[in-house]
Amino acid sequence: MSALKQNLELEVKKALKSLYSLDASILEIQQTRKDFEGDLTLVVFPFLRASRKGPEQTAQQIGEYLHENVAQISGFNVVKGFLNLVISNEVWLQNLQNITEHTNYGLKPVGSDTIMVEYSSPNTNKPLHLGHVRNVLLGYSVANILEAAGNKVVKTQIINDRGIHICKSMLAWQKWGNGETPQSTGLKGDKLVGNYYVRFDKEYKLEIEQLLSQGLPEEKAKNEAPILVEAREMLQKWEQGDADVLALWNKMNGWVYDGFEATYEKIGVDFNEIYYESNTYLLGKKVVEEGLAKGVFEKDEDGSVWIDLTDEGLDRKILLRSDGTSVYMTQDIGTAIQRSEDYHINGMIYTVGNEQDYHFKVLFIILKKLGFDWAERLFHLSYGMVDLPSGKMKSREGTVVDADDLMQQQIDTAKEISEELGKTEGMTEMEKEELYEMVGLGALKYFILKVDPKKRILFNPAESIDFQGNTGPFIQYTHARIKSLLRRADLDNLAWNGFEVASYTELQAEERELTKLLAQYPEVIQLAASEYSPAQIANYVYDLVKGYNAFYQKWPIFIEENKDTILFRLQLSAQVAKVIQSGMSLLGIKVPERM
RNA sequence: GGUCCCGUAGCUCAGCUGGAUAGAGCAUCUGCCUUCUAAGCAGACGGUCCUAGGUUCGAAUCCUAGCGGGAUCACCA
């Protein structure tokens with residue numbers, strides 16, 4: 001398709017040169033809108049000055065020239081200043097033929113650029129929730145898309161494993177845990193640790209109340225509650241390398257990682273490399289010292305280190321506290337550099353919520369100022385909040401939608417609907433379970449990925465996600481239906497697989513439309529990659545499926561008399577199924593053989 | 001207050017590197033299963049593209065101002 005377009009652009013340029021001696025540098029050839037006849041449209045308004053004719057005449061003239069000189073163009077028509085070109089069926093069919101010969105159609109071979117994609121990046125004191133789900137799905141899908149577009153991709157996360165929040169869970173477990181473990185309770189490790197985080201907060205609030213009733217001012221009560229003081233002491237011990245504290249820290253973090261791993265596996269995402277803040281913050285501090293020496297940063301009298309970005313319309317930002325300890329920014333600087341040393345990256349994508357827009361703006365400027373060449377290709381994949389009808393999610397207040405619960409709920413819904421529709425007859429228990437999971441998670445993933453990441457999502461846990469219309473299950477269903485056709489074809493010994501579509505002559509309008517849609521897939525991947533947008537893929541696959549269903553309903557296959565027609569339609573269907581499967585896998589969504 | 005993001009049908013969203021009569025899904029209504037899976041198809045209904053200016057042959061799309069919603073501006077992460 002893009003080759004076709006490129007070739008056409010060349011021909012149009014030739015036409016303009018020969019007709020009006022015009023050297024057009026840029027010209028726009030776009031898809032013809034549905035309501036008009038044709039495949040590609042040239043807008044001729046920009047050439048009127050050179051042609052010294054009206055728009056219709058100009059379009060007519062160019063059209064005649066192209067029709068005569070370009071074999072691929074089988075016709076044209078003119079509507080106002082729009083020249084609609086009809087591409088010959090042979091071109092589309094040849095293209096379809098090429099598609100049948102490529103198993104990885106649309107995907108580029110891996111090139112030399114290495115891009116690192118970061119997503120998830122949780123704290124280790126509580127389980128993953130709905131917000132993480134959006135994050136993980138986006139990041140994982142963008143990683144897939146970048147890979148499909150020809151990049152070497154390293155998927156990673158940064159685990160925020162140090163800080164007071166972990167000490168809170170540790171302390172609460174020490175005090176009230178009675179030696180509980182995931183094994184002894186049957187709880188997932190992240191859930192167990194999360195419970196103690198909540199417990200800490202509860203006790204903390206009680207202590208504050210008590211202090212307030214003793215007449216302490218609020219500020220002081222919040223700051224001097226014994227349990228908080230104790231947590232701070234624990235953090236200090238941690239930083240000093242106290243063996244007992246480190247052992248507890250390792251144990252509880254281990255539980256959490258096991259829990260996360262289970263959730264990631266369920267959701268269907270993975271990582272190639274994991275970074276821990278406890279390992280990178282020291283490097284950050286070192287680099288800040290170096291930057292200070294280079295004059296990129298400045299030191300205040302109290303010893304704190306800053307970068308002044310007021311020239312860029314931003315603020316002053318702190319990089320080291322007066323006591324020399326690191327802040328969030330310091331750690332991110334260290335992590336970025338560590339990554340560039342471990343892998344020779346050409347760029348990096350950070351999947352982080354839009355409340356961090358400012359942070360990453362500053363981080364990128366700092367890395368550029370420090371002179372790293374890869375700093376030119378940093379991108380903050382920023383996404384909007386997932387809000388509940390009740391408002392914002394807050395872990396400490398328990399108003400979160402837990403990731404595991406959410407997935408299970410979707411799977412249960414899928415089960416209900418499947419059973420209601422009677423779709424699972426003849427399936428084994430294992431096949432059923434697999435199907436429910438595919439469909440339930442497919443609905444969830446598609447629901448989240450089809451919208452622009454920048455937009456906020458309002459999620460109502462009480463209403464289940466749709467399974468009809470523009471949804472994951474709708475697409476999965478179409479795939480299953482095609483597979484069903486192909487199974488029947490195999491039973492009937494119809495050798496569609498080797499059928500040469502290029503020589504087919506009976507192309508119907510719906511079939512022609514489908515070949516055009518299939519031809520667009522490689523371009524769509526490139527666009528999705530350049531925009532870091534899974535939504536582009538989702539919307540494309542949806543259009544393809546809509547187009548297929550229109551064809552499916554209008555043109556029955558097996559009752560056709562002409563065997564070539566049967567084989568052609570089967571081959572076309574198989575290619576559609578292939579692209580559906582491919583596109584959905586870029587979104588991290590599996591498609592079933594039957595449903 | 002400064003900065004950033006969002007505002008398109010009753011609801012959820014496409015379209016936004018300027019192009020033709022602004023498109024889908026859900027909801028509502030009408031048809032289509034004794035022919036390949038009806039989680040489907042065909043059709044109807046539904047719009048001041050937040051508002052006002054500007055640029056242009058042409059603006060939902062670009063620019064300016066305003067309105068509404070959200071985020072952010074910590075020696076928290």
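Just so it is clear, the structure is predicted and the values come from calculations on it, not from any experiment. In the text below, chain A, chain B and the rest are named by the order of the sequence lines, each starting its count at 1. Basis for what follows: all heavy atoms, side chains included, without hydrogens, waters or symmetry-related copies.
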Subject >> Interatomic distance where CD belongs to A:Gln356 and C1' belongs to B:rA74 [whole Å] >> reply: 13 Å

**OP:** Ignoring hydrogens and angles, state whether a donor on the side chain of A:Glu510 or A:Trp555 is under 3.5 Å from an acceptor on the partner side chain.
**Re:** yes

Subject >> NZ/NE/NH1/NH2 to OD/OE distance under 4.0 Å, A:Lys205 and A:Asp201 >> reply: yes

Original post:
In terms of base orientation, is B:rC6 syn or anti, with the syn window spanning 90° either side of 0?
Top reply: anti

Original post:
A:Asp387 has an atom CG; how far is it from atom P of B:rC5, in whole Å?
Top reply: 19 Å

**OP:** Before accepting this row, confirm whether a basic side-chain N of the pair A:Glu437/A:Lys590 lies closer than 4.0 Å to the acidic partner's carboxylate O.
**Re:** no

**OP:** For the pair A:Glu513 and A:Lys34, find out whether any cationic side-chain nitrogen is under 4.0 Å from an anionic carboxylate oxygen.
**Re:** no

Original post:
Can you check the A:His359 NE2 to B:rC5 P distance for me, whole Å?
Top reply: 18 Å

Original post:
What's the OH-P distance between A:Tyr383 and B:rA71, to the nearest Å?
Top reply: 15 Å

Subject >> 5'-most by nearest nucleotide on RNA chain B - A:Asp466 or A:Lys317 >> reply: A:Asp466

**OP:** May I have all residue pairs that pass salt bridge (charged side-chain N to carboxylate O under 4.0 Å, His left out) and include part of residues 441-457 of chain A, sequence neighbours excluded?
**Re:** A:Asp387-A:Arg456

**OP:** Between B:rG18 and B:rU55, how far apart are the C1' atoms? Round to whole Å, please.
**Re:** 11 Å

**OP:** Using a 4.0 Å heavy-atom cut-off across all strands, classify A:Gln476 as base, sugar-phosphate, or nothing.
**Re:** nothing

Original post:
In this structure, which one of A:Asn539, A:Ile580, A:Asn549 forms a side-chain contact (heavy atoms from CB on, under 4.5 Å) with A:Leu544?
Top reply: A:Ile580

Subject >> Nearest-angstrom distance, P atom, B:rU30 to B:rU48 >> reply: 26 Å

**OP:** For nucleotides 11-21 of chain B, just jot down a letter per nucleotide in 5' to 3' order: B, S or -, based on protein non-hydrogen atoms under 4.0 Å.
**Re:** --SSS---BBS

Original post:
For A:Gln571 and A:Gln575, what are the C-alpha separation, side-chain angles and deciding distance, and is it a side-chain hydrogen bond (donor to acceptor under 3.5 Å, both in side chains)?
Top reply: CA-CA 6 Å; A:Gln571 180 67 280; A:Gln575 300 317 308; 2.8 Å; yes

Original post:
Which whole-number value in Å describes the distance from A:Asp357 CG to B:rG70 C1'?
Top reply: 11 Å

Subject >> Partner nucleotide, any strand, of B:rU34 [Watson-Crick/G-U, under 3.5 Å] >> reply: none

Subject >> Inter-nucleotide P distance (B:rC50, B:rA59), Å rounded >> reply: 16 Å

Original post:
Roughly how far apart, to the nearest Å, are B:rU61 and B:rG1 at atom C1'?
Top reply: 31 Å

Original post:
Rounded to the Å, how far apart are A:Phe364 CZ and B:rC4 P?
Top reply: 17 Å

Original post:
Taking for each residue the nucleotide of RNA chain B with the nearest heavy atom, is it A:Glu277 or A:Tyr542 whose nucleotide lies nearer the 5' end?
Top reply: A:Tyr542

Subject >> Gap between atoms CG and P, on A:Asn125 and B:rC76 respectively (whole Å) >> reply: 18 Å

Original post:
On a whole-Å scale, what distance lies between the C1' atoms belonging to B:rU21 and B:rG58?
Top reply: 15 Å

Original post:
Does B:rA65 pair with anything, Watson-Crick or G-U wobble, both distances under 3.5 Å, and if so, with which nucleotide?
Top reply: B:rU51

**OP:** If a protein heavy atom is under 4.0 Å from the base, mark B; if only from the sugar-phosphate, S; if neither, -; do that for nucleotides 35-45 of chain B going 5' to 3'.
**Re:** BBBSBBSS---

Original post:
What residue among A:Thr325, A:Val327, A:Leu292, A:Thr330 forms side-chain contact (heavy atoms from CB on, under 4.5 Å) with A:Leu320?
Top reply: A:Thr330

Original post:
According to the Watson-Crick and G-U wobble definitions, with both distances under 3.5 Å, which nucleotide is paired to B:rA44?
Top reply: B:rU28

Subject >> B:rC6 and B:rU12, which share atom name C1', separated by this distance in whole Å >> reply: 15 Å

Original post:
Say you pick atom C1' in B:rU17 and the same atom in B:rC33; how far apart are they, in whole Å?
Top reply: 47 Å

Original post:
To the nearest Å, how far apart are A:Leu363 CG and B:rU72 P?
Top reply: 18 Å

Original post:
Does the distance from a Lys or Arg side-chain N to an Asp or Glu carboxylate O, for A:Lys222 and A:Glu218, drop under 4.0 Å?
Top reply: yes

Original post:
With side chains defined as the heavy atoms from C-beta onward, is the minimum distance between A:Ile475 and A:Tyr446 less than 4.5 Å?
Top reply: yes

**OP:** Searching all strands shown, indicate the nucleotide that pairs with B:rG23 (Watson-Crick or G-U wobble; both distances under 3.5 Å).
**Re:** B:rC13

Original post:
Please walk me through it: do A:Phe360 and A:Tyr350 pass ring pair (Phe, Tyr, Trp, His ring centres under 6.0 Å)?
Top reply: CA-CA 9 Å; A:Phe360 282 101; A:Tyr350 291 89; 4.9 Å; yes

**OP:** Write down the distance separating the C1' atoms in B:rU51 and B:rG69, rounded off to the nearest Å.
**Re:** 16 Å

